[in-house]
Amino acid sequence: MADDDIKLTIGNDGYIHLAKSDLAQWFPSIDPTSKTWFVDGVDTKVLAQAPTVSIDSTTGNWIINGTNSGVSGLGQIGPQGAPGQSALTFKIGTVSNGTNASVTNSGDDANVVLDFVVPVGEPGKDGNDGVSPTIKVGKVTTSGATTTVTNSGTESAAVLDFNFPLGSYVTSDGLTKTLSGYVAKSALTSYYTAAQLDTKLSAKADLTMVANIADKDTVATLSDKVGKLTDRVNTQDQTIVSLQDKLNTALAKLNSSTSTTSSPTH
């Protein structure tokens, strides 16, 4: 038996026992550092593993066993390709009713025109008779700064409350109180005018008589106040007429709306 022969020994248990040193003689091993084959403890310098190869995503070079080889792994850029087709266009064509739903292209592959057929369902049942609504005017007030119309009733029995702002206008009661402290214009006819007073005083020297007669400034001031009051009365009359026109217009619109919604619905 030669010295390098492997000796197999049968143990007392009937099995052949092999030591790790014996296996090392049978099978070669790989050095973890050099990645080469070791046979009987001798480095054969033969790589035991295939190299790892990849392409660097930045440079495009081959990476062999983790090292940049400096050799490009990308091929040359090919020639310019032929121009592609124009972008497709889509538009809706006809929409009609039919028995079965369908969509067809009445155009071509580049200019699509979609025609739709939509089936019509069966007619629905008649609904219940509608309730004719009623509308009437409720309260009309004059307060606040905006014109408002509110329904204080229900949807089928509307009661419309109107509010019209008067702003700086004087009410009828307020106008009566304002004029109560002034003399009526008709009552001023018995007073002398400034010219008449000057004529009468030209031949008079009795100061006590002159003291009891209204002077020219007083008469002129009183006449000016009467003129202003007359203007205010006329303005109030115009305002009241304008408010009455607005109210008539609102009532006319309500009557028109009532006649439009009075017919029953089916």
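All residue numbers refer to positions in the sequence shown, counting from 1. Here the structure is a predicted model, which means the values were calculated and not measured.
- Between atom OG of residue Ser57 and atom CD1 of residue Ile55 there is a gap of 10.5 Å, rounded to the nearest 0.5 Å.
- Summarising the geometry of Asn111 relative to Asn105, their closest heavy-atom pair is O-OD1, 4.3 Å, with the distance given to 0.1 Å.
- Listed here is the closest heavy atom pair of Val159 and Gly138: CG1-CA, 3.7 Å.
- Ser152 and Asp161 form a side-chain donor-acceptor contact under 3.5 Å, judged by distance and modelled atom types alone.
- Counted within 6.0 Å of CG on Asp109, heavy atoms from surrounding residues, nucleotides or ligands total 12 or fewer; the atom is thus considered open.
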Please step through side-chain contact (heavy atoms from CB on, under 4.5 Å) for the pair Val137 and Phe162, ending with a clear verdict.
CA-CA 8 Å; Val137 177; Phe162 293 85; 4.0 Å; yes
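- Hydrophobic clustering, with ILVMFWY side chains joined whenever heavy atoms are under 4.5 angstrom apart, keeps Leu88 apart from Val113.
- Between Val118 and Val120 there is no side-chain heavy-atom pair separated by less than 4.5 Å.
- Here Ser102 contributes atom OG and Asp115 contributes atom CG; the two are 9.0 Å apart, rounded to the nearest 0.5 Å.
- Across all their heavy atoms, Val117 and Asn97 have their closest contact at CG1-C, 4.1 Å.
- Remark: side-chain polar atoms of Ser69 are paired, donor with acceptor, to backbone N or O of Trp62 under 3.5 angstrom.
- Taking each heavy atom of Ile63 and Asn68 in turn, the nearest pair found is CD1-CA, 3.5 Å.
- Judged by distance alone, with hydrogens and angles left aside, the side-chain atoms of Asn151 form no donor-acceptor pair with the main-chain N or O of Leu160 at under 3.5 Å.
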Go through the steps for Phe116 and Thr94 under the test side-chain contact (heavy atoms from CB on, under 4.5 Å), then give the verdict.
CA-CA 6 Å; Phe116 291 84; Thr94 60; over 6 Å; no
